[in-house]
Amino acid sequence: MRINKYLSSCGIDSRRKCEALVTAGRVRVNGKVVTELATDVKDGDVVELDGNTVSVSFKKTYILLNKPKGCVCTAHDEKGRKTVLDFVKVNKRVFPVGRLDYDTEGLLLLTDDGELANKITHPKNGVKKTYAVRVEGEPSAAELKRLRSGIEYNGVAYGSAEVVVVGPENGGTRLNITISEGKNHEIKNMIESLGRRVLFLKRTAIGELRLGGLSRGEWRYLNDREIAYLKTL
Ligand code: URA
């Protein structure tokens, strides 16, 4: 980790202001003054500012949020809407792994582990994501077959999906759909291609990781077993 990022992660100041501390010769790494901004700090290095040791954990943070609808998956929203970071107050710069739409709820991971986030979101890794979907009306057997075998809609190809019909729900039909691509608005577009609308959409699982009993807007840290599982994906 770059020295300015390290100091900033310790909560000392912004990365820019921490650069100034380095160039002013106020920072030592393993007893030696460093003024080079390209200095990298590794796990185990001793960093001092004005003679006082400062330290940051190299441990990554993994959070599972039950995203409510009515918020966006970006750090800042130019329209001033709520973001998922309004729900997760931690002293780490975590970011959402992939996106759920404003009106979609359910399982969202947040982390500062870019490598793992890439692994989970990159289509080539085919990580499965499961959604509870309420669709308008009652899809026919032919429509379900189309969802299961893959669809092209508005020039975009959507791969095959696992589809389980749960039954009638609030005037529509509840389906559990598992996809492994994660294209923009994938579920909504797949359903729209049948001439139907999505009435409710919630992500319930990523691979074997489940939302469990979290209420809307609640979050928790992943446990070691869950983190180890995600790293096998
Ligand atoms: N598919 C969608 O259409 N929207 C989401 O938020 C997630 C999957």
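Nothing fancy with the numbering, it's 1 onward along the sequence. Each ligand, and each atom within it, is numbered from 1 in the order the structure gives. Predicted, not measured: the structure shown is a model, and the values here were computed from it.
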Any N/O of D101 closer than 3.5 Å to an N/O of ligand 1? yes
- Query: Taking 4.0 angstrom as the limit, do E186 and K129 come out as a salt bridge?
  - Reply: no
Is there a polar contact, in the sense of an N or O pair closer than 3.5 Å, between T104 and ligand 1? yes
Subject >> Distance-only donor-acceptor check, side chains E152 and Y158, under 3.5 Å >> reply: no
Notebook entry, point to check: Under 3.5 Å, is there a donor-acceptor pair linking the side chains of Y131 and N176?
Noted result: no
Under 4.0 Å from one or more heavy atoms of H185, ligand 1 contributes atoms 1 (N), 2 (C), 3 (O)
Practice problem: Give yes if a backbone or side-chain nitrogen or oxygen of K188 is under 3.5 Å from a nitrogen or oxygen of ligand 1, and no if not. | Solution: yes
R81, CZ atom: more than 12 neighbouring heavy atoms under 6.0 Å:
yes
Atoms of ligand 1 under 4.0 Å from any heavy atom of Y131, numbered from 1 in the order shown, are 7 (C), 8 (C)
Near E186 (heavy-atom distance under 4.0 Å), the atoms of ligand 1 are 1 (N), 2 (C), 3 (O)
TODO: Report yes if some N/O of L201 lies less than 3.5 Å from some N/O of ligand 1; otherwise report no.
DONE: no
Of all protein heavy atoms, the one nearest atom 1 (N) of ligand 1 is I187 N, 3.1 Å
Would you please say whether a donor-acceptor pair under 3.5 Å links the side chains of T178 and T130? yes
F87 six-ring face occupied by K67 cation (under 6.0 Å, within 45°) = no
